[in-house]
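Along the sequence shown, residues are numbered consecutively beginning with 1. As the structure lists them, so they are numbered: ligands from 1, and atoms in each ligand from 1. In what follows, every heavy atom counts, from backbone to side chain, and hydrogens, waters and symmetry copies are set aside.
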Amino acid sequence: MSAPRYFPTTGHLLICQNSNCKARGSDLLYRAVWNALEQDKLAYYKAGGSLRLTESGCLGGCKSGPVMTCYRTRDGQMEEAWYAAVDFPLARQVAQAIHDEAELPGERRYGP
Ligand code: FES
C-alpha cells in the first residue's frame, strides 16, 4: 500500500456544523467559504493553495455562533484563533490572512 499524498498547508479552518450554529447559518457559511477557497485557489489541493477547511462538531461557543476556529504555525509556534458570530466576509478575511501568513483579524476574535 502506498502512503496517501501529503499536501503542505499554512493553516486549517474549522467551522462548527452543530445545531446551534446551523440555526445561525453555519451550513451556508461553510459552503460559501468552501466555494471561495476553490474559486480563489486558496484550497490546499489547488496549485498555490494552502488552506484546509473542515466541518466541525460543537466548538463550545453555541450562543455566539457561527463559531470558527483556525490553527496555523507561524514563526515556528502553533497559533490558534477563535471567532464568534462569523459571517462570510470575516471568514474570507481570516482565510486570506492565514494564506498570506499575515496577522489574523481581531474582529470578533476570542480566546488565546
Ligand atoms: S453549536 Fe456551534 S459552537 Fe456549539
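At least one N/O/S atom of C21, from backbone or side chain, sits under 2.8 Å from atom 2 (Fe) of ligand 1. Atom 2 (Fe) of ligand 1 has no N, O or S atom of C58 closer than 2.8 Å. One of the N, O or S atoms belonging to C62 lies under 2.8 Å away from atom 4 (Fe) of ligand 1.
Side chain of R24 to main chain of N20: a donor-acceptor pair is present (N/O by atom type, distance under 3.5 Å, no hydrogens or angles). In this structure a side-chain-to-backbone donor-acceptor pair under 3.5 Å is present from R108 to A85.
Salt-bridge annotation for R74 and E103: present, with a side-chain N of the basic residue lying under 4.0 Å from a carboxylate O of the acidic one. With respect to the salt-bridge test (charged N to carboxylate O, under 4.0 angstrom), the residues K46 and D40 do not qualify.
Contact atoms of ligand 1 toward N20: 1 (S) (distance under 4.0 Å to a heavy atom of the residue). Residue-ligand proximity, C16 to ligand 1, at heavy-atom distances under 4.0 Å covers atoms 1 (S), 2 (Fe), 3 (S). With ligand atoms numbered from 1 in the order given, ligand 1 contributes 1 (S) to contacts under 4.0 Å with heavy atoms of N18.
Assignment of G65 to the shell around ligand 1 is not supported, since no heavy atom sits closer than 4.0 Å.
Between Y44 and F7, the ring planes are perpendicular. Angles over 60° get that label, and only those under 30° would be called parallel. Using a 30° and 60° split on the angle between ring planes, W82 and Y71 fall in the perpendicular class, above 60°.
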